[in-house]
Protein chains: 2
Amino acid sequence: MPKKVDRQKRRTQIADALMRVAAEQGLEAVSLRHVAAEAGVSAGMVQHYFRTKDEMMTFALDVVRERNQIRVTDAVTHLGTAPSPRDLLQTIIGTLLPLDEVTRADGRVTLAFLAYTAVRPPASAALREETEQMVGFIAGLLPCPDPENAAAGLLALMEGLGVYLLGGQYTPEQARGILDTHLDRLFAAAPEHTGGIVSARPA
Amino acid sequence: MPKKVDRQKRRTQIADALMRVAAEQGLEAVSLRHVAAEAGVSAGMVQHYFRTKDEMMTFALDVVRERNQIRVTDAVTHLGTAPSPRDLLQTIIGTLLPLDEVTRADGRVTLAFLAYTAVRPPASAALREETEQMVGFIAGLLPCPDPENAAAGLLALMEGLGVYLLGGQYTPEQARGILDTHLDRLFAAAPEHTGGIVSARPA
DNA sequence: TCAATGGCAATACAGTCGTATCGCATCGGG
DNA sequence: CCCGATGCGATACGACTGTATTGCCATTGA
């Protein structure tokens, strides 16, 4: 066997180029040749590492998800030991929101893939699982009654903030303020234990 | 002058076909020929009514926005006179959420356009204005301190619920429950006047 | 050293894209 | 009546798409 190259690494490089193109010009500008040019390689090479465009797309989608996961765990570990649930949530969500230009680029890619998977149901299975995990994790941090409900709501709020941040409807300061207020509400509902004084109807 | 046709009507028909294509196969499947076929007209005719594809896209985008506006005002007027703010909000948001197959199709189109405008900043100006209006309107219905903040949060929550509904992460029942709980929190904060018992920090 | 195999580039191909242009009806005002 | 503007279909064109195929080069095991 001749030369051995790190196949996975090359594929990731190409996926990175794809994400750059998608972030700047949208997913419909993603073609083999564009991605190859952005990656600084030949079109034939892209074809060599991904037999089909769909394979490349799926791989890139996985990379995006993986990156987000890593971002979250990184943020959590950097937070030190035993942070308060409130700080933990604020950090995690702050990490996931497109608040600076770097995360905005990622956000645009994620949004593009969101629209992409919306018309390709099979591709969204992993997304569903990821959300489910996230809801479970966040629910464990919330002192509200029906923490699953509150967790899902918090996640939805985050997603919506992300969308509006990308669209320029909200400023980063606004988004942070909204998130703060919401967390205040969630944690004020039951400061000590899981039994609230508000919300007579649990669901 | 010969034959006079209702230009606006024809354009709307074509835009409808575009939205059907976008809802089923995504925005990248939208081409003059596809749209023409879906509309049951010749490709030349589409070209006759929209000199460029971008013009067609922009028009369709406006139609989508307009439809949503109409849907809201319709729902509001059907609600009778002097509804409670809470019912009003529930109805409006319930109308905007992709809860059944019809509104899901619209949601997919909206999501596609969201990603579309995310990489075309000039096209999102109208979106910004629409959101601003909406925030102002909703803020007037909320009894919280800092109603603008709460309104923006509610809107973001709605958007996020929409995204997760489309992705299949949340079921319609879940989404309704989350919305309910959130409204409970917002209205429980100050049952009578604009001064809450929870949330010590207004912003 | 040499055959062979994997890495990669180049090209070919059929199809679709957006746009421009032509051609022909059809109907209204002079 | 008929001239010309308008509605609309058909076709042409160059650019670009994803995929398949071909062939060279470098490296490596025998």
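Here is how names work: the chains are called A, B, and so on, in the same order as the sequence lines, proteins then strands, and each is numbered from 1.
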- Write out all pairs satisfying ring-ring contact (aromatic ring centres under 6.0 Å, His included) with one or both partners inside residues 48-88 of chain A, taking only residues at least two apart or from two chains. A:Phe50-A:Phe59
- Query: Rounded to the Å, how far apart are B:Lys9 NZ and D:dG7 P?
  - Reply: 16 Å
- Applying side chain to side chain donor-acceptor pair (under 3.5 Å) to B:Tyr170 and not counting sequence neighbours gives none
- Message: Test of understanding: with salt bridge (Lys or Arg N to Asp or Glu O under 4.0 Å), list the residues that count as partners of B:Asp54, not counting sequence neighbours.
- Response: none
- Could you check which residues of residues 23-57 of chain A get a heavy atom under 4.0 Å from DNA chain C? Sort them by number, please. A:Arg33, A:Ser42, A:Met45, A:His48, A:Tyr49
- Message: Show me the pairs that pass salt bridge (Lys or Arg N to Asp or Glu O under 4.0 Å) and involve residues 111-140 of chain A, at least two apart or across chains.
- Response: A:Arg120-B:Glu28
- Would you list the pairs meeting side chain to side chain donor-acceptor pair (under 3.5 Å) in which at least one residue belongs to residues 32-43 of chain A, sequence neighbours left out? A:Arg20-A:Glu38
